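Step one of this worksheet: look at the structure below.
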Amino acid sequence: MFRTVLTDRLQSAFTSAGILLPEGFVPTVGIASDTRFGDYQSNAAMTLAKQLKTNPRALAQQIVDKLEVSDLCEKVSIDGPGFLNFTLGGKALAQHLSLILKDDQAGVPKVSAPKRIVVDFSAPNIAKPMHVGHIRSTFIGDCLARVARLVGHTVITDNHIGDWGTQFGMILHGWKTILDHAALEKDPIQELVRVYKAINAETKTDPAVLDTCRQELVKLQQGNANNLEIWKQCVALSLDQLQTIYGKLDVHFDHYLGESYYNDKLAPLVESLQSSGIAELSEGAICVFFREVPELAEKPCLIRKSDGGFLYATTDLATIDYRIQEWQADEIWYVVGAPQELHFRQLFQVSKKRGQTVAMQHVAFGSILGQDGKMFKTRSGESVGLIEVLDEACERARAVVEEREGLTNDEKDQIATIIGIGAVKYAELSQHRMTDYKFSWDKMLALQGNTAPYLINAYVRTRSIFRKLEDNVELTQELVISEPAERALAMKLAQFAEASHDVLADHRPNLLASYLYELADTYHSFYEACPVLRAEGAVRNTRLTLCQTTSKVLKTGLGLLGIRTTERM
Ligand code: ARG
């Protein structure tokens, strides 16, 4: 990755020039925002000169004198008040293109200090529908896991399903009184949700029903065999159906350790927290107080209710222990909506009090809105189910490919699935995760603009060139990058490495999405400016190589977003 190599060289130049760096000052090189002066840029000389109160341009010159980059750069210049600008040479670029083509990682280097990272995402609740809000967690989490794996971390994905909790009181009562067995067989999640909603409504008007539900829940928690049996069936049926959805989405988990998995670990955990003085009794409940943290001083974390029941937070604390002990987790990323911010802040504080060193991150996200700018709802006012969204996406995408010629119906179906699901994923991943974005079918399925169909189509165009090619054309390594459009494309391709690494800095898939969109644009400009099949000799070889590399980077990059590609559309 050029950014890292240039940063290393720059730091060596500081050393060779005998410049002592103040504490905390690290010279770095970044991708140039304005490419008129170079491909990479550093303001290290300017920043340091300010601190040392010397002339920035003179300092920059001192560094450039010691800079050894002739193997990479055709030019290094000092511009403006003291910016260092690096222009890469054609040979270095060509070498990087060859690397992308032959490397399994498409030229994305691995990190020097790989970690063991648990990614906690999706985590729907049993008997409650998986709604579009779960889209965000599922897609962001899956993308982050894919990128982290590519850059060399050991990634453990865990679906912390909500399979234990107060909703089961209602489900149990409903199961025994109003369950429609035929409906359950046909669509278990839908029937469980219906039962849950019906009983939930009854509890609002009839205190006796509420009481029955409570008793059912207590029986379940005390291990009543019949209730446990029903609970097990609910979980198994829901998981089955969830797995079908994940299959469609091409999302996979290493583990499905739901909340219930930690049941028997909660009582001993609370006891140990109490005996070590971290938790204390307060009005009959057991809490952890954070008197030393001003924002949390009034917000203790409840870990056992006065009736003896445990809470969401208790389970999460037990889960952290498990992930440290069993998986040797160095980091845990929780991909969960922004409304749970307080929960995670408390969780991290308790963990800190316990002396745990695992690095935890709440990867929060905003909401999905309807066209009216309010929460995304169906016409009847219910939150929109994920399955319906996916089905509709594929149907609409089918209409888009319908007119295409030379494709069988089966092929059209397959392509529609790839485009439909890709479109929904891309609409999510191309947004900054904290923004509330509007869900728009027309926008996400458009063939132009920052959409999955546009990117998949760009990939298809790179592939179609090779179908028009006479047989057995062998690409050679002899590349001559001379036209500006060729150079711009080669440069963009090389920066796939930086784009991939940048995703993890702040857990932001949208940076990769933007990169791929720019790449597709750069490719189209190249394609318009530079004839490929009509060119000859080394020029043709170079252009074909650029097409081939674009293909590979688009496919790999979309793959990191969890989006599949098709050879035709
Ligand atoms: N089931 C929860 C919900 O739907 C999300 C769980 C997130 N993960 C966790 N370890 N708390 O709100």
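Small disclaimer: the values here were computed from a predicted structure and weren't measured. For ligands, and for the atoms within them, numbers begin at 1 and follow the listed sequence. Quick note: numbers below take in every heavy atom, side chains included, and nothing from hydrogens, waters or symmetry partners. Numbers here simply count residues along the sequence, with the first being 1.
A salt bridge links Arg149 with Asp254: at least one charged nitrogen is closer than 4.0 Å to a carboxylate oxygen. Salt-bridge check for Arg433 with Asp506: passed, with a basic side-chain N closer than 4.0 Å to an acidic carboxylate O. With salt bridges taken as basic N to acidic carboxylate O contacts below 4.0 Å, one links Arg323 and Asp158. A salt bridge is defined here as a Lys NZ or Arg NE, NH1 or NH2 lying under 4.0 Å from an Asp or Glu carboxylate O, and Lys248 with Asp391 meets this definition. With respect to Arg194 and Glu191, a salt bridge is recorded, a charged nitrogen being found less than 4.0 Å from a carboxylate O. Taking a cutoff of 4.0 Å between a charged side-chain nitrogen and a carboxylate oxygen, Asp250 and Arg146 qualify as a salt bridge.
Counting only heavy atoms of the protein, atom 4 (O) of ligand 1 lies nearest to Asn125 ND2, 3.1 Å.
Under 4.0 angstrom from ligand 1, there are no non-hydrogen atoms of Ile161.
Annotation for ligand 1: atoms under 4.0 Å from non-hydrogen atoms of Gln340 are 3 (C), 12 (O). Atoms of ligand 1 lying under 4.0 Å from any heavy atom of Asp120, numbered from 1 in the order shown and given with element: 7 (C), 8 (N), 9 (C), 10 (N). Counting atoms of ligand 1 from 1 in the listed order, those under 4.0 Å from a heavy atom of His134 are 4 (O). Of all atoms in ligand 1, numbered sequentially from 1 with element shown, those under 4.0 Å from a heavy atom of Val336 are 7 (C).
When the options Tyr312, Phe344, Tyr334 are ranked by their closest heavy atom to atom 5 (C) of ligand 1, first place goes to Tyr312.
Residue contacts with ligand 1 include Asp316, since one or more of its heavy atoms lies under 4.0 Å from the ligand.
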